[in-house]
Protein chains: 2
Amino acid sequence: MNIGEAAKTSGVNAKLIRHYESIGIIPKANRSDAGYRVYSDADVNILSFVKRARGLGFSMKEIKKLVGLWRNKSRSSSDVKNLALTHVKDMEQKISELQSMVKTLNHLAKFCHGDNRPDCPIIDSLAKEKA
Amino acid sequence: MNIGEAAKTSGVNAKLIRHYESIGIIPKANRSDAGYRVYSDADVNILSFVKRARGLGFSMKEIKKLVGLWRNKSRSSSDVKNLALTHVKDMEQKISELQSMVKTLNHLAKFCHGDNRPDCPIIDSLAKEKA
DNA sequence: CTTACGCCTTCCAATAGTTGGAAGGTCAAG
DNA sequence: CTTGACCTTCCAACTATTGGAAGGCGTAAG
């Protein structure tokens with residue numbers, strides 16, 4: 001199938017497929033006589049795999065590793081598990097940072113009148129205090 | 001003071017200060033005879049303001065607005081409050097997405113042996129299921 | 001046959017935010 | 001006068017994706 005159909009089937013944009021190929025995330029596609037990329041069902045599976053991994057927040061670097069592990073039948077499951085758990089830790093770190101920001105901002109907003117007067121604890125805090 | 005000292009005082013990297021100036025986040029600095037940027041205490045305050053707003057996760061676009069509101073004495077506090085609360089909503093959205101990813105990955109990792117065998121529910125799920 | 005339209009190709013640029021380097025000018029001390 | 005620390009501008013990289021331009025290919029209709 002052509003790249004358009006592969007895109008529709010896998011849910012990965014045609015432009016993105018070319019990009020993934022160019023940075024080596026996925027193997028280079030075979031070409032037709034006219035130079036069109038040709039995809040098999042197996043190729044589409046890789047694309048879907050990448051899409052799902054992105055959906056779980058893995059970086060392209062991590063996904064490159066995951067694709068390698070996926071295609072490597074002699075892989076050990078611990079490699080994958082370590083990658084996944086490291087990723088979980090990163091996300092948990094990010095979550096707690098965001099929660100801290102939300103807490104601070106909500107606290108500041110609570111004391112902000114939100115009317116036409118210029119007094120605003122949010123601005124005052126950004127201007128004067130150590131956030 | 002020169003850009004180096006302004007950087008040290010405000011906590012914003014000299015390189016970043018020039019960048020902020022170039023994209024219009026902060027006003028253009030005055031120059032010495034030799035062309036060096038010269039900063040006043042007020043300029044440093046703006047830089048610190050920007051740094052704190054970044055620390056709260058505001059985008060540069062939002063910070064541009066915030067700086068404008070800060071310097072505008074006739075602003076209404078509701079403008080700032082709306083900006084802040086919109087930002088909070090965005091962050092809360094991001095938090096729940098991350099939490100959902102963490103939950104899914106932890107669930108998958110729980111059933112992964114993490115030994116030398118190739119069986120791995122994480123990989124299997126990425127390959128076959130709708131994540 | 002030829003025109004039209006939709007798909008394909010490559011390359012180049014933009015987004016957000018920062019960081020890094022190269023090549024060169026300036027300033028103060030030794 | 002030279003050394004070294006500072007400053008200047010410009011250009012490129014990072015992550016991941018999206019957009020456009022310019023051109024080739026494939027098929028259906030006039």
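If you're wondering where the values come from, they're calculated on a predicted model, not measured in any experiment. Each chain gets a letter, A, B and so on, in the order the sequences are listed, and its residues count up from 1.
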Give every pair of a protein N or O atom and an N or O atom of nucleotides 14-19 of chain D that lie under 3.5 Å apart, one pair per line with the distance.
| from | atom 1 | to | atom 2 | distance (Å) |
| --- | --- | --- | --- | --- |
| dA16(D) | OP1 | M60(A) | N | 2.9 |
| dA16(D) | OP2 | M60(A) | N | 3.3 |
| dA16(D) | O3' | R54(A) | NH2 | 3.0 |
| dT17(D) | OP1 | R54(A) | NE | 3.0 |
| dT17(D) | OP1 | R54(A) | NH2 | 3.4 |
| dT17(D) | OP2 | Y20(A) | OH | 2.7 |
| dG19(D) | N7 | K15(A) | NZ | 3.3 |

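- Judged by distance alone, with hydrogens and angles left aside, the side-chain atoms of R52(A) form a donor-acceptor pair with the main-chain N or O of A127(B) at under 3.5 Å.
- Nucleic acid contact for I23(A): none, since no nucleic acid atom lies under 4.0 Å from a heavy atom of the residue.
- Taking atom CE on M1(A) and atom P on dC7(C), their separation rounds to 16 Å, with Å as the unit.
- Atom CG of N30(A) has 12 or fewer heavy atoms from other residues, nucleotides or ligands within 6.0 Å.
- Side chains of S48(A) and N45(A): no donor on one and acceptor on the other come within 3.5 Å.
- Put simply, the side chain of T9(A) gets close to the backbone of E5(A): a donor and an acceptor are under 3.5 Å apart.
- Looking at S77(A), its side chain does come within 3.5 Å of a backbone N or O of G114(B) through a donor-acceptor pair.
- Atom CD1 of I3(A) and atom C1' of dT9(C) are 10 Å apart (whole Å).
- Listed by first and then second residue, the side-chain hydrogen bond (donor to acceptor under 3.5 Å, both in side chains) pairs that reach into residues 80-95 of chain A are Q93(A)-E97(A), sequence neighbours excluded.
- For E5(A) and dG6(C), the CD to P distance is 18 Å, given to the nearest whole Å.
- Across all non-hydrogen atoms, the minimal contact from D115(A) to S76(B) is O-CB, 3.4 Å.
- The separation of dA14(C) from dA13(D), taken at their C1' atoms, amounts to 15 Å, rounded to a whole angstrom.
- Near DNA chain D, meaning a heavy atom under 4.0 Å from it, residues 29-37 of chain B has R31(B), G35(B), Y36(B), R37(B) in order of number.
- If you measure from atom CZ of R18(B) to atom P of dT9(D), you get 7 Å, rounded to the nearest angstrom.
- Within the 3.5 Å criterion, the main-chain N or O of F58(A) finds a donor-acceptor partner in the side chain of R54(A).
- In this structure, K8(A) atom NZ and dC7(C) atom C1' are separated by 11 Å, rounded to whole Å.
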